[in-house]
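Working notes, beginning with the structure itself.
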Amino acid sequence: MSVVRTRFAPSPTGFLHIGGARTALYSWAYARHHGGQFILRIEDTDVARSTPEAVQAIIDGMAWLGLEHDEGPFYQMQRMDRYKEVIGQMLAAGTAYYCYTSREELDALRAEQEAKKEKPRYDGRWRPEVGKTLPPLPEGVQPVVRFKNPTDGVVAWDDVVKGRIEIANAELDDLIIARADGTPTYNFCVVVDDWDMGISHVIRGDDHVNNTPRQINILKALGATVPQYGHLSMILGDDGTKLSKRHGAVSVMQYDEDGYLPEAVLNYLARLGWSHGDDEVFGMAQFIEWFDLDHITASAAQFNTEKLNWLNQQYLKAASDSYLAGEVARRLAPRGIDPEQGPSLEAVVALYKDRAVNLNELADAVEPLLVEIHPTAEMIETHLTEAARAALAQLRERLVAVEWEKAAISQAIKETCTALGMKMPQVAIPLRVALLGLPQSPAIDAVLAVLGRETVLARIGRFL
RNA sequence: GUCCCUAUCGUCUAGAGGCCUAGGACAAUACCCUUUCACGGUAUGAACCGGGGUUCGAAUCCCCGUGGGGACGCCA
């Protein structure tokens with residue numbers, strides 16, 4: 001069996017978004033599954049729209065997700081000589097030709113065809129044919145180079161996700177492979193790159209299905225081996241419409257900012273458009289073991305933030321306290337909070353990680369344990385009644401002497417309840433408000449234990 | 001307009017002719033657990049786009065509609 005070599009080939013005209021991330025993930029996982037190589041290639045031939053910032057954004061996104069490549073990044077702009085070399089060969093071999101049709105003529109042709117409700121396409125006026133007389137060479141027109149596409153028969157391939165696809169050559173026109181300024185175009189560069197880089201499986205977005213027959217024809221004209229193709233359907237936004245700036249078409253780094261763990265995003269993406277029976281929660285090692293291009297869904301999938309949230313929560317619960325403490329500290333820093341002060345961040349995070357959906361929520365939840373709190377007047381009025389304050393006063397006295405660990409603290413709270421004939425919540429809720437400014441928290445004895453005696457006594461003391 | 005792809009609960013999906021009284025997960029609802037809020041547990045409701053075939057038998061195969069998406073650039 002031959003070596004598996006896959007690639008991810010984004011054009012650096014924006015950040016790495018969720019659709020691109022899934023394409024990269026599948027290509028990466030397929031290579032890993034087969035012990036092959038995963039190549040990163042930057043398709044930057046559109047000089048006007050490509051930016052170094054976008055290149056960096058893509059690399060950052062890949063790094064955040066942990067999709068490391070084995071070769072590259074290769075930049076198409078650095079491979080110009082090679083493309084020109086191949087174009088020269090094709091011109092010489094007669095599989096490509098110069099076309100002197102101007103942009104204006106092309107526009108007119110297109111308009112005419114559209115008016116007649118026809119599929120717009122080049123009419124082959126400069127295509128050399130035996131016994132055909134070409135038009136006279138116009139003055140001052142720099143020619144483009146067009147590929148001489150076969151006119152009959154069909155191009156067919158067995159798409160690994162969509163099955164057999166056949167397209168009649170009659171549907172295809174002679175595409176431009178080099179612009180008037182000599183620079184090669186996308187469909188041509190892809191072909192040369194996939195060929196030169198020995199790509200065995202091209203896994204890419206659905207929007208490239210129509211490019212595939214053209215690329216196969218060029219590959220064949222070059223005498224190159226045609227790789228396997230797999231076209232992934234697109235990802236729709238939360239509302240079922242195409243991803244746009246407003247919903248979902250955001251950088252994967254936005255997910256970091258929104259408090260998602262890369263593991264959760266990866267797991268979510270793996271399951272969006274692919275399945276392994278009823279399995280839902282699995283790490284990348286497991287995914288690599290399972291993933292094999294079977295079971296990829298052919299139809300478009302709608303992004304569902306709620307399920308991502310649920311997955312993120314699962315990963316949050318499973319994550320280690322030290323990892324979470326690091327992530328939370330990173331989010332607390334911009335708020336001017338130094339987690340070195342106060343109780344151990346790991347202990348605090350452990351208390352809250354079961355109840356947060358994302359890291360930002362976790363940071364929010366943890367904050368009152370780390371900084372001075374300011375309960376609202378309303379909160380104080382509703383919860384810190386005379387009776388409540390009396391209970392807190394008595395509890396405080398017990399806490400002064402008690403051994404500082406959960407069971408003993410719990411015992412002290414219970415004794416206070418009994419002594420005053422109060423129910424647990426009647427003491428616990430005011431206590432929460434006094435300590436955290438909130439009526440809800442994890443188990444109160446655990447909160448006290450983590451907060452430390454000094455802080456607890458001081459915070460209760462403020463209301464006596 | 002032409003070509004290509006696609007169609008199972010609200011969403012992601014299982015399903016490769018009988019295992020389907022269509023399964024799981026998210027979301028929803030109810031109950032349980034609970035010291036509050038969560039977590040967790042249990043249960044309930046919820047789908048094969050329509051029409052024709054093929055077959056003893058179709059969610060699964062074929063055809064036609066319809067819906068959705070994509071492509072038709074000297075963009076990638």
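Lettering follows sequence order; numbering is per chain, from 1.
With a 4.5 Å cut-off on side-chain heavy atoms, Asp181(A) and Gln142(A) do not count as touching. The shortest distance between side-chain heavy atoms of Arg7(A) and Phe38(A) does not fall below 4.5 Å. Looking only at side-chain heavy atoms (C-beta outward), Ile199(A) and Ile39(A) come within less than 4.5 Å of each other.
Within the 4.0 angstrom heavy-atom criterion, no nucleotide atom of any strand lies near Ala9(A). Within the 4.0 angstrom heavy-atom criterion, no nucleotide atom of any strand lies near His231(A). Lys116(A) comes within 4.0 angstrom of nothing in the nucleic acid, heavy atoms only. The residue Glu306(A) sits close only to the backbone: its heavy atoms come under 4.0 Å of sugar-phosphate atoms, none of a base. Within the 4.0 angstrom heavy-atom criterion, only backbone atoms of the sugar-phosphate kind lie near Gly273(A); the bases stay farther away. Residue contacts shown for Glu361(A) are absent, as no nucleic acid heavy atom lies under 4.0 Å away. Lys119(A) comes within 4.0 angstrom of a base, heavy atoms only. As judged by a 4.0 angstrom heavy-atom cut-off over every strand, Thr101(A) is placed among the base-contacting residues. Note on Ala301(A): only backbone sugar-phosphate atoms sit closer than 4.0 angstrom, heavy atoms only; bases stay farther off. Pro442(A) comes within contact range of at least one nucleobase, with a heavy-atom separation under 4.0 Å. Note on Arg110(A): only backbone sugar-phosphate atoms sit closer than 4.0 angstrom, heavy atoms only; bases stay farther off. Nucleic acid contact for Val144(A): base, since at least one base atom lies under 4.0 Å from a heavy atom of the residue. Using a 4.0 Å heavy-atom distance criterion, Asp159(A) is classed as making no nucleic acid contact. At the heavy-atom level, Thr13(A) lies nowhere under 4.0 Å from the strands shown.
Dashed line: the shortest gap from a side-chain N or O of Ser441(A) to OP1 or OP2 of U36(B) is not under 4.0 Å. Taking only side-chain nitrogens and oxygens, Thr185(A) never comes nearer than 4.0 Å to OP1 or OP2 of C74(B). In terms of phosphate contacts, His295(A) brings a side-chain nitrogen or oxygen within less than 4.0 Å of OP1 or OP2 of G15(B). For A76(B), the OP1/OP2 oxygens have a side-chain nitrogen or oxygen of Thr45(A) closer than 4.0 Å. Between Gln302(A) and the phosphate of C9(B), there is no side-chain N or O to OP1/OP2 separation shorter than 4.0 Å.
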>> For Thr45(A) and Thr185(A): C-alpha separation, side-chain torsions, deciding distance, then whether side chain to side chain contact (heavy atoms under 4.5 Å, CB included) applies.
In response: CA-CA 7 Å; Thr45(A) 52; Thr185(A) 59; over 6 Å; no
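Atom pair Asn187(A):CG and A71(B):C1' shows a separation of 11 Å (rounding to whole Å applied). At whole-Å resolution of the value, CG in Asp354(A) and P in U36(B) are 17 Å apart. Atom P of nucleotide A27(B) and atom CG of Leu308(A) are separated by 12 Å, given to the nearest angstrom. Following rounding to the nearest Å, Met234(A) (CE) and A71(B) (C1') show an atom-to-atom distance of 12 Å. One interatomic measurement links the two molecules: NZ of Lys353(A) to C1' of G40(B), which rounds to 15 Å at whole-angstrom precision. With rounding to whole Å, Leu232(A) atom CG is found 17 Å from C5(B) atom P. Atom-to-atom, CG of Asp279(A) to P of G15(B) comes out at 12 Å; the value is rounded to the nearest Å. In this structure, the NE2 atom of His208(A) is 15 Å from the C1' atom of C5(B), given to the nearest Å.
Side chain of Arg432(A), nearest nucleotide from U35(B), C5(B), U6(B): U35(B). Distance from the side chain of Pro120(A) is smallest to C72(B) among C72(B), A76(B), U36(B). Side-chain atoms of Glu171(A) lie closest to U2(B) of the nucleotides U2(B), U35(B), A76(B). Closest to the Ser410(A) side chain, of the nucleotides U35(B), G40(B), A71(B), is U35(B). Of the candidates A76(B), U35(B), U11(B), the closest approach to any side-chain atom of Pro425(A) belongs to U35(B). Picking from G24(B), A76(B), C26(B) the nucleotide with the shortest atom distance to the side chain of Asn304(A) gives C26(B).
The partner of A71(B) is U2(B), by the rule that a Watson-Crick or G-U pair needs both atom distances under 3.5 Å. Across all strands shown, G18(B) forms a Watson-Crick or G-U wobble pair with C56(B), both key distances being under 3.5 Å. With a cut-off of 3.5 Å on both Watson-Crick or G-U wobble distances, the partner of U66(B) is given as A7(B). In a base pair of the Watson-Crick type (N1 to N3 plus N6-O4 or O6-N4) or a G-U wobble (N1-O2 and O6-N3), with each distance short of 3.5 Å, A28(B) is matched with U44(B).
Syn is the glycosidic conformation of C39(B), whose angle stays within 90° of 0.
Separating the C1' atom of A16(B) from that of U60(B) is a span of 7 Å, rounded to the nearest Å. The gap from the P atom of U6(B) to that of C20(B) amounts to 28 Å, rounded to the nearest Å. Nucleotides A58(B) and C49(B) are separated by 15 Å at their P atoms, to the nearest Å. The separation of C19(B) from G40(B), taken at their C1' atoms, amounts to 33 Å, rounded to a whole angstrom. For the C1' atoms, the distance linking G50(B) with U66(B) amounts to 7 Å, nearest Å. Distance noted for atom C1' between G67(B) and A38(B): 42 Å (whole Å). If you take atom C1' in U55(B) and the same atom in G18(B), they sit 12 Å apart, rounded to whole Å. Across the C1' atoms, A43(B) and A59(B) are found 27 Å apart, a figure rounded to whole Å.
Residue-environment remark: OH (Tyr98(A)) stays at or below the threshold of 12 foreign heavy atoms within 6.0 Å.
Between Tyr26(A) and Phe291(A), the ring center distance clears the sub-6.0 Å criterion. Tyr186(A) has its ring centre less than 6.0 Å from the ring centre of His208(A).
The aromatic rings of Tyr229(A) and His231(A) lie parallel to each other, their planes meeting at an angle below 30°, with 60° marking the opposite boundary.
Applying the side chain to side chain donor-acceptor pair (under 3.5 Å) rule to Tyr268(A) yields no partners; only residues at least two apart in sequence or on another chain are considered.
Here the rule is salt bridge (Lys or Arg N to Asp or Glu O under 4.0 Å) with Asp174(A), and of Arg121(A), Arg127(A), Arg214(A) only Arg127(A) fits it.
For the pair Pro184(A) and Arg214(A), both in contact range of RNA chain B, the more 5′-proximal nearest nucleotide belongs to Arg214(A). Both Arg103(A) and Leu272(A) sit near RNA chain B, but only Leu272(A) has its closest nucleotide nearer the 5' end.
Taking only distance into account, the side chain of Glu280(A) meets the base of G24(B) through a donor-acceptor pair shorter than 3.5 Å. Judged by distance alone, with hydrogens and angles left aside, Asp278(A) brings a side-chain donor or acceptor within reach of the base of G23(B), the pair sitting under 3.5 Å.
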